[in-house]
Amino acid sequence: MRQIKLQERLDKILANHGFGTRSEVKRIVKNGCVTVNDTVVKNSDIHIELSKDRIAVDGEILEIKPHVYFMMNKKAGYVCTAKTGANPTVFELLDEKDRGRRLGGDLGIVGRLDIDTEGLLILTTDGELNHQLTSPKYDIPKTYFVRLEQMTDCLQQAEYTDKIAEGVRIPPEDHEDSALCKGGELTWIDGSTCLLTIYEGLYHEVKRIFSALGNKVVYLKRVRVNGLELDTDLKPGEYRELSEDELIKLCHTLTNRYL
């Protein structure tokens, strides 16, 4: 992925990989438990070349991860925020070891989903990637499975498809003004279900689009972001790290990426 600092302090690397606080790490190093390139080191302040130095703790090689990338199948009833409140957050679905800070920074959510919306959620420490995937100027496609309250016939489906392709003006909602959405693509499954691809991610955008067309979304699930599809083996609330191939698919239309 993108380049980060070429060097980092040993104590910071170990602390950000679960070996305790900086002071606890200093004790581990002082006790001779850490080697760098097969040589025991006693100074935790030394700088490590991230691209080539090999660190081992008690003989086990440490895999240095400047960034992490998680795919989650978001569960309904959870909110996309790190702040605790009346509702549980998606961070509570993570194992304790995966919630901590990494060399690349804190774990962030890529494109929030509403509390009642399910599906593909990306969490990463890579702030640059997060920005490129969520900024409207990059036109990143996001595809949703939609179930509507009212059945539609062939004529209505064609009308919805054409209007969404042109760009629908959505009504104001809560703190958001009305807005003209960028054109999207609609693929019908049957009279009440469809796949909608949008390119912005405005507040409640999918729900507001269908509201403007005279219908109501009763179920919503994000199934794809850019080239990455939700793993159907992940149950609601489950997550895992992205594979290298999946990360490439997620970034395949972006520029200035180091893959």
Side-chain angles (χ1 to χ4, degrees), residues 71-81 86-90 93 109-123 133-134 136 139-239 246 249-250 253:
M71 170 198 295
M72 176 183 287
N73 184 358
K74 180 188 171 293
K75 192 175 184 178
Y78 286 77
V79 292
C80 291
T81 180
N87 299 296
T89 80
V90 293
L93 296 169
I109 300 168
V110 180
R112 299 183 177 188
L113 296 175
D114 299 339
I115 186 170
D116 58 346
T117 301
E118 299 179 358
L120 179 57
L121 190 66
I122 306 299
L123 299 100
L133 289 173
T134 54
D139 288 331
I140 299 301
K142 305 155 194 83
T143 302
Y144 295 81
F145 173 83
V146 184
R147 182 175 294 121
L148 299 172
E149 183 177 66
Q150 301 174 28
M151 288 289 293
T152 59
D153 58 27
C154 292
L155 290 177
Q156 288 173 311
Q157 291 173 25
E159 181 182 358
Y160 283 18
T161 301
D162 290 344
K163 287 185 175 180
I164 286 174
E166 295 170 0
V168 176
R169 178 162 292 280
I170 56 177
E173 184 175 331
D174 296 337
H175 56 282
E176 296 291 329
D177 295 332
S178 64
L180 179 61
C181 297
K182 291 181 179 179
E185 292 91 45
L186 193 60
T187 302
W188 289 94
I189 299 171
D190 58 36
S192 64
T193 58
C194 56
L195 293 173
L196 173 63
T197 299
I198 57 175
Y199 295 87
E200 292 173 284
L202 301 175
Y203 179 73
H204 289 179
E205 183 174 358
V206 176
K207 295 175 182 177
R208 292 163 74 190
I209 284 174
F210 284 102
S211 175
L213 295 175
N215 214 321
K216 181 180 179 180
V217 174
V218 295
Y219 177 77
L220 187 61
K221 180 177 184 178
R222 186 159 63 196
V223 296
R224 186 183 181 101
V225 174
N226 213 11
L228 178 67
E229 294 186 2
L230 175 66
D231 182 351
T232 56
D233 288 334
L234 284 178
K235 297 176 182 177
E238 292 184 341
Y239 74 100
E246 288 173 331
K249 290 177 181 178
L250 181 63
T253 61

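In this text the structure is predicted, and so the values were computed from the model without any measurement.
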For V217 and L220, run side-chain contact (heavy atoms from CB on, under 4.5 Å): C-alpha distance rounded to whole Å, both residues' side-chain angles, the deciding distance at 0.1 Å, then the answer. CA-CA 7 Å; V217 174; L220 187 61; 4.0 Å; yes
Please evaluate residues T81 and T89 with respect to the criterion side chain to side chain donor-acceptor pair (under 3.5 Å), reporting the C-alpha separation (whole Å), side-chain torsions for both, the decisive distance (0.1 Å), and the verdict. CA-CA 6 Å; T81 180; T89 80; over 6 Å; no
Could you go step by step and tell me if K216 and S211 meet the side-chain contact (heavy atoms from CB on, under 4.5 Å) rule? CA-CA 6 Å; K216 181 180 179 180; S211 175; over 6 Å; no
Test side-chain contact (heavy atoms from CB on, under 4.5 Å) on K221 and N73; report intermediate values, then the result. CA-CA 9 Å; K221 180 177 184 178; N73 184 358; 4.3 Å; yes
In sequence, state the C-alpha distance, the side-chain angles, and the governing distance for Y203 and D174, and then conclude on side chain to side chain donor-acceptor pair (under 3.5 Å). CA-CA 9 Å; Y203 179 73; D174 296 337; 2.4 Å; yes
V168 and F210: CA distance, side-chain angles, deciding distance, side-chain contact (heavy atoms from CB on, under 4.5 Å) verdict: CA-CA 9 Å; V168 176; F210 284 102; over 6 Å; no
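Ring geometry for W188 against Y160 counts as tilted: the plane angle lies between 30° and 60°, on a 0 to 90° scale.
Nearest heavy atom pair, residue K207 against residue D114, reads NZ-OD2, 3.2 Å. Across all non-hydrogen atoms, the minimal contact from D233 to D231 is N-OD1, 2.8 Å. Between G191 and Q157, the shortest heavy-atom distance links the atoms CA-NE2, 3.5 Å. Closest non-hydrogen pair, V110 versus L121, comes out as O-CD1, 4.2 Å. Looking at every heavy atom in both residues, E200 comes nearest to K182 through OE1-N, 2.7 Å. When all heavy atoms are compared, the tightest approach of G111 to T134 is N-CG2, 3.4 Å.
Contact check for I140 versus Y199: no side-chain heavy atoms found under the 4.5 Å cut-off. Contact of the L195 side chain with the V146 side chain is not registered, since no non-hydrogen atoms from C-beta on lie closer than 4.5 Å. Using a 4.5 Å cut-off on side-chain heavy atoms (C-beta onward), Y144 and V223 make no contact. You'll find the side chain of L93 reaches within 4.5 Å of the side chain of M72, heavy atoms only. Under the 4.5 Å side-chain criterion, counting only non-hydrogen atoms from C-beta, F145 is in contact with T193. By the 4.5 Å heavy-atom criterion applied to side chains, I198 and C181 are not counted as neighbours. I122 has its side chain within reach of L228: a pair of non-hydrogen atoms, C-beta onward, lies under 4.5 Å apart. Contact annotation: the side chain of S192 approaches that of D190 to within less than 4.5 Å [non-hydrogen atoms, C-beta and beyond].
Distance alone, capped at 3.5 Å, is enough to place a donor-acceptor pair between the E238 side chain and the K235 backbone. Formation of a donor-acceptor pair under 3.5 Å by the E205 side chain with backbone atoms of G201 is found in this model. Checked by atom type and distance alone, the side chain of R147 never pairs as donor or acceptor with a backbone atom of E149 at under 3.5 Å. A distance-only check finds a donor-acceptor pair linking the side chain of R222 to the backbone of L120 [under 3.5 Å].
We find the CD1-CG distance between I164 and L213 to be 5.5 Å, quoted to the nearest 0.5 Å. One finds the NZ atom of K163 at 10.5 Å from the CD atom of Q156 (value rounded to the nearest 0.5 Å). With rounding to the nearest 0.5 angstrom, the CZ atom of R208 is 3.5 Å from the CD1 atom of I170. Here the CG-CG distance, from L148 to L196, works out to 9.5 Å after rounding to the nearest 0.5 Å. Annotation: the span from L113 atom CG to K75 atom NZ amounts to 15.5 Å, rounded to 0.5 Å.
Between the side chains of T152 and N215, not a single donor N or O lies within less than 3.5 Å of an accepting N or O.
The residues K74 and E118 are annotated as not salt-bridged, no charged nitrogen and carboxylate oxygen being separated by less than 4.0 angstrom.
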